[in-house]
Amino acid sequence: MWSHAYAKIAIAAAFSFVNAAASDLLLKNPLKAAPEYHVSSKLQIQIPKSLYRVEGYDHREALFGVPPYGGSIAEQVYYTDENLCDADIDIRQNDWKSPFILMVDRGECTFVHKVRNAQKAGAAGVLIADNICLCDFASVCKPKNEGDRCEQFEPVMADDGSGSDITIPAFLLFKQDADVIREELLNYNANIVMAEMTWNIPRPDDRVEYKFWTTPTEHISKNFQKSFGDAALRLGDSAVFTPHFFVYDGILNRCHGSNGNACSTMCTNAGRYCAADPDNDLYKGISGSDVVRESLRRICIWKYYGKDKFGEKWWSYTTEFMERCDSPSYFSNNECVNDAYKHSGVDGKKINQCMGDSGGLQGDSVNNLLQKEIAAKDELGVVVVPSVFVNNIAMRGKLSSQTVFSAICHGYLDGTEPDICNKCASCNDFDGCIQKGKCGDSSLAGVSMNTFISTIFLVSGLIVAVGLAQWRKSQKQMRNEVRGILAEYMPLEEDAEDGNFAFAKRSSLLQGTQIE
């Protein structure tokens with residue numbers, strides 16, 4: 001019983017966190033079918049018209065890269081039969097002109113490897129063609145080889161842990177659709193294929209709602225959590241923020257039963273609320289129950305300090321905790337938590353009372369706040385953490401402060417976005433813009449004016465000194481050359497005593513003539 005329940009939580013965790021280095025991560029909930037997929041993008045084939053579909057092509061977005069929210073990429077599509085696993089292979093043909101959209105088959109290496117190599121080749125976007133039929137589409141999908149088995153679960157284009165350098169977007173096409181487009185691309189008598197990749201955020205009014213789903217131990221969004229607080233404050237009450245925490249339903253995963261907690265240290269409340277063990281050791285380090293406890297604590301901090309809709313102290317506590325307590329030795333240490341309370345200005349007594357009043361974490365009791373998190377997760381269809389939803393649309397790609405900020409700014413009705421959006425959403429020095437409230441020269445980011453001016457004077461002085469030295473050297477060299485030439489005809493030092501015209505006399509004697 002214990003091993004069966006533990007295995008279910010472990011499997012679910014493997015498919016919920018995207019920092020695993022796996023080539024094809026499958027979207028899999030072994031206990032419950034995932035709700036409708038929340039997409040912000042559309043894929044359309046504009047040319048040839050025979051491939052045009054009113055509703056576009058069903059696809060899945062990569063969890064890495066930087067999609068241009070509010071924009072689109074419309075380019076010619078090229079296909080390569082190379083697997084794009086070797087960075088040294090030159091896949092470009094002579095007639096391939098950047099930018100373009102590259103189509104490549106799935107398999108043999110991670111999605112990140114393929115997209116990175118396509119980016120190096122000059123692609124503006126990537127379409128990865130699935131090579132295995134999904135069982136849900138078995139009636140319309142033709143297997144690559146007779147007898148191939150279908151795939152039960154959708155693949156997820158996960159980051160293999162190295163995708164931070166990817167700046168282009170990528171889509172995964174299901175096999176039955178990819179086959180049609182590939183056939184057109186391989187038909188040399190056909191017209192070119194032009195595709196459009198579009199990203200839209202619903203824009204209902206002058207207020208944007210965004211939700212952030214995480215756990216206290218995931219590290220993919222660590223930099224985002226540390227840096228986005230200032231941007232949230234700049235957006236003010238025109239953007240409504242809500243943090244959420246991914247907690248497993250222990251009852252659904254059979255951790256809760258008549259015999260108590262069947263999943264040991266992974267759960268609280270007699271197995272009702274669970275989290276994956278972050279270090280995969282039930283008896284050492286940070287436990288799943290520690291993660292549930294810290295999740296509840298941050299939920300309570302938001303309950304008390306999130307009434308302003310952007311939660312300055314929630315962001316502050318999160319940063320302080322990560323700086324001070326984010327290690328196995330201090331994660332569940334009360335003194336460290338109190339220290340984080342103190343430095344973030346959070347009233348620890350109120351938070352501890354909230355944690356108890358919500359139902360606590362002991363015994364076989366229901367915790368109302370954790371129950372709400374489970375219900376919200378199921379309603380929104382959250383299967384991957386970290387995740388950000390803007391106006392209930394899931395963001396995909398690289399999770400950075402500027403990417404999230406840009407997506408939020410594209411969620412306002414035209415003309416209603418706050419001024420800070422116009423100043424900073426596209427600024428090269430995003431962090432500096434948020435700090436100063438205006439976009440400056442990114443090349444001067446972090447450099448004081450005094451330092452800049454001093455550097456200019458120093459460089460100018462060096463240039464003048466080098467130029468002066470070079471001029472003097474050239475003048476000296478010129479004088480030496482003149483002296484050398486004259487020495488052949490008028491040795492002034494040797495014949496000075498001869499008086500005027502001595503050089504003429506010497507020259508005449510040498511030529512066998514006389515002048516007197």
- Step by step, work out the side chain to side chain donor-acceptor pair (under 3.5 Å) result for R207 and T416. CA-CA 8 Å; R207 191 180 74 165; T416 66; over 6 Å; no
- Message: For E209 and V390: C-alpha separation, side-chain torsions, deciding distance, then whether side chain to side chain contact (heavy atoms under 4.5 Å, CB included) applies.
- Response: CA-CA 6 Å; E209 297 180 2; V390 179; over 6 Å; no
- Task: Test side chain to side chain donor-acceptor pair (under 3.5 Å) on S221 and E218 and set out the steps.
- Result: CA-CA 7 Å; S221 67; E218 62 89 2; 2.3 Å; yes
- Message: As a quick check of understanding, evaluate side chain to side chain donor-acceptor pair (under 3.5 Å) for S289 and S287, giving each step before the final call.
- Response: CA-CA 5 Å; S289 59; S287 66; 2.8 Å; yes
- Message: For L185 and M103: C-alpha separation, side-chain torsions, deciding distance, then whether side chain to side chain contact (heavy atoms under 4.5 Å, CB included) applies.
- Response: CA-CA 9 Å; L185 289 167; M103 186 175 188; 3.7 Å; yes
- Where do I393 and F389 land on the side chain to side chain contact (heavy atoms under 4.5 Å, CB included) test, with the steps shown first? CA-CA 5 Å; I393 294 296; F389 289 76; over 6 Å; no
- Task: For T167 and Q119, run side chain to side chain donor-acceptor pair (under 3.5 Å): C-alpha distance rounded to whole Å, both residues' side-chain angles, the deciding distance at 0.1 Å, then the answer.
- Result: CA-CA 8 Å; T167 59; Q119 178 176 290; 3.2 Å; yes
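Nearest heavy atom pair, residue M197 against residue P169, reads CE-O, 4.2 Å. In terms of heavy-atom proximity, D279 sits nearest to I286 at OD2-N, 3.0 Å. Heavy atoms only, all atoms of each residue included: L380 and K211 are closest at CD2-CD, 4.3 Å. Between Y273 and S365, the closest heavy-atom pair is CE1-O, 4.1 Å. Heavy-atom minimum distance, P155 versus R106: CG-NH1, 3.7 Å. A270 and H256 get closest at one heavy-atom pair: O-CD2, 3.1 Å.
Here the side chain of S406 pairs no donor or acceptor atom with the backbone of Q402 at under 3.5 angstrom. Of the possible donor and acceptor atoms, none in the side chain of K114 sits under 3.5 Å from a partner among the backbone N and O of E108. Remark: the backbone N or O of E154 is not paired with any side-chain donor or acceptor of E151 at under 3.5 angstrom.
Between N83 and V104, the closest side-chain pair of non-hydrogen atoms is not below 4.5 Å. By the 4.5 Å heavy-atom criterion applied to side chains, N368 and D357 are not counted as neighbours. In this structure, the side chains of K313 and I301 stay at 4.5 Å or more apart for every pair of heavy atoms. Contact annotation: the side chain of Q76 never approaches that of I101 to less than 4.5 Å [non-hydrogen atoms, C-beta and beyond]. Side-chain atoms of H59 and L172, non-hydrogen and from C-beta on, never get closer than 4.5 Å to each other. Using a 4.5 Å heavy-atom threshold, the side chains of T403 and S400 count as touching. Put simply, the side chain of V115 reaches to within 4.5 Å of the side chain of I128, judged on heavy atoms.
If you look at F331 and F321, their ring centroids are closer than 6.0 Å. Within the 6.0 Å centre-distance limit, the rings of W199 and F171 are counted as a close aromatic pair.
Taking the six-membered ring where tryptophan is involved, the planes of Y210 and F228 are perpendicular, since the angle between them exceeds 60° and thus also 30°. Between F246 and Y248, the ring planes lie perpendicular to each other; the angle is over 60°, past the 30° to 60° tilted range.
The pair R324-D339 counts as a salt bridge, with a side-chain nitrogen and a carboxylate oxygen less than 4.0 angstrom apart.
A distance below 2.5 Å between sulfur gamma atoms is met by C325 and C336. For a disulfide, the SG atoms of both cysteines must be under 2.5 angstrom apart; this holds for C433 and C424. With C255, the cysteine C267 has an SG gap of 2.5 Å or longer. If you check the gamma sulfurs of C141 and C150, they are not less than 2.5 Å from each other.
Rounding to the nearest 0.5 Å places CZ of R116 at 11.0 Å from CD1 of I168.
By the salt bridge (Lys or Arg N to Asp or Glu O under 4.0 Å) test, K42 is found to be paired with no residue, residues two or more places apart in sequence or in another chain being considered.
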Can I get a per-line list of side-chain donor-acceptor pairs under 3.5 Å for residues 232-241, giving both atom names and the distance, sequence neighbours left out?
from : atom 1 : to   : atom 2 : distance (Å)
R234 : NE     : I434 : O      : 2.7
R234 : NH2    : I434 : O      : 3.2
R234 : NH2    : Q435 : O      : 3.0
S238 : OG     : L235 : O      : 2.6
S238 : OG     : Y412 : OH     : 3.2

